[in-house]
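Shown next, in structure tokens, is the structure this report addresses.
Any value given below was found using the heavy atoms of this structure, including those in side chains, with hydrogens, waters and symmetry copies removed. For clarity, every value in this text was computed on a predicted model and none was experimentally measured.
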Amino acid sequence: GGSILANAASDLAASEEGHAQWPAVTANADCTSQGLYFDPTVQRCLSCKDVNVNAELISPAAGAEQLGAAGQCACKRGFVQCAGGDTCTAGADPFKAEGIFECRACPSVEGRQTAPSQDRSRCIVCFKQDGNADSTLGFSDQWNDCLCPVGHALVERSETGEYLSAKICVRCAAGMAPGPSAQPSAVYHCRPCPDVERMERDPATGDCAGRSKSP
């Protein structure tokens, strides 16, 4: 079994497009109950640590915080996640990922901890300046990302789609903040609920849910 997996990994590294052709690593119920994922290439449950030492199984509650679906492996929050064969940046120098994917921790730059971009392709510093409306609250160890004040959301790209030099926070209009209404959070982009007539945001989480019916 181990030699089959090693040969598959070798073939993957040898192909420029191999990472895109690699079968989805998806867990079944038996695997996930053990904290493992199901690897179809060897037809058994394996640990995400076998993919990368800094990878973990995605929980159903992870949502958009992770790259992938529940039951799949992804890098821990706070890490750049680079697909095998792709070139990503975590620190000063770009690197070409090996294996199925590679996890790299975002470094501290001039005393400021950087955070991964939403697509996990690079690390970006948190803009922090007292009195500036765009300022974040700095890096959050809880979220492993830049933190925004209540009612604000993170922005890391310009209107043209280019990455900003630092992540900033913007104030959201009423009902547009996708985060909790009573505490700082690390959510992205002010946006309305999909159906503004029938849905509203839960103050505790910022998630959209059906409007409560009037008595």
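Other residues sharing the hydrophobic cluster of V150, ordered by chain and number and joined by side-chain separations under 4.5 Å: none, the residue standing alone. In the hydrophobic clustering, I124 connects to Y163, either directly or through intervening members, whenever side-chain heavy atoms lie under 4.5 Å apart. If you chain together ILVMFWY residues whose side-chain heavy atoms come under 4.5 Å of each other, F127 ends up grouped with V155, L164, I168, V170.
With R171 contributing its side chain and P149 its backbone, the two residues share no donor-acceptor pair below 3.5 Å. No donor-acceptor pair under 3.5 Å is formed between the side chain of E200 and the backbone N or O of C193. Looking at T114, its side chain does come within 3.5 Å of a backbone N or O of P107 through a donor-acceptor pair. Checking side-chain atoms of R201 against main-chain N and O of G175 turns up a donor-acceptor pair under 3.5 Å. For E162 (side chain) and S158 (main-chain N/O), no donor-acceptor pair under 3.5 Å exists by modelled atom type.
At least one side-chain heavy atom of N144 sits less than 4.5 Å from a side-chain heavy atom of F139. Put simply, the side chain of K76 does not reach to within 4.5 Å of the side chain of C103, judged on heavy atoms. Using a 4.5 Å heavy-atom threshold, the side chains of C123 and T89 count as separate. With contacts defined as side-chain heavy-atom distances shorter than 4.5 Å, the pair R104/C82 does not qualify. The closest side-chain heavy-atom distance from R77 to R120 is below 4.5 Å. Annotation: side chain of L36 is in contact with side chain of S47 (closest heavy-atom distance under 4.5 Å). Looking only at side-chain heavy atoms (C-beta outward), L57 and C48 come within less than 4.5 Å of each other. Counting only heavy atoms from C-beta outward, the side chains of N52 and F79 never approach each other to under 4.5 Å.
Here the closest non-hydrogen pair linking Q118 and H189 is OE1-NE2, 3.3 Å. Listed here is the closest heavy atom pair of C88 and S121: CB-O, 3.4 Å. A pairwise comparison of heavy atoms in Y188 and P116 identifies OH-O, 4.2 Å as the closest pair. Listed here is the closest heavy atom pair of A115 and C106: C-SG, 3.7 Å. For C172 against A153, the heavy-atom pair with the smallest separation is SG-CB, 3.8 Å.
Heavy-atom neighbours of Q34 CD from other residues, nucleotides or ligands within 6.0 Å: above the threshold of 12. Other residues, nucleotides and ligands contribute only 12 or fewer heavy atoms inside 6.0 Å of the CZ atom of R198.
Atom CG of L154 sits about 7.5 Å away from atom SG of C126, to the nearest 0.5 Å. The CG atom of D119 lies 5.5 Å from the CZ atom of R157; values are rounded to the nearest 0.5 Å. Distance check, rounded to the nearest 0.5 Å: CD of Q81 to OG of S117 gives 11.0 Å. The distance from the CG atom of D141 to the CG atom of L147 is 10.5 Å, given to the nearest 0.5 Å.
Between C169 and C146, the gamma sulfurs sit at a distance of 2.5 angstrom or greater.
Qualifying side-chain contact (heavy atoms from CB on, under 4.5 Å) partners for Q43, counting only residues two or more places apart in sequence or in other chains: F38, P40. Residues forming a side-chain contact (heavy atoms from CB on, under 4.5 Å) with K96 (at least two apart in sequence, or on another chain): T87. Under the side-chain contact (heavy atoms from CB on, under 4.5 Å) criterion, V196 pairs with P192, not counting sequence neighbours.
Hydrophobic clustering (side-chain heavy atoms under 4.5 Å, transitive across Ile, Leu, Val, Met, Phe, Trp, Tyr) keeps V51 apart from V80. By the rule that hydrophobic residues join a cluster once side-chain heavy atoms approach within less than 4.5 Å of another member, M176 and V187 end up as members of separate clusters.
Between E156 and K167 there is a salt bridge, with a side-chain nitrogen of the basic residue lying less than 4.0 Å from a carboxylate oxygen of the acidic one.
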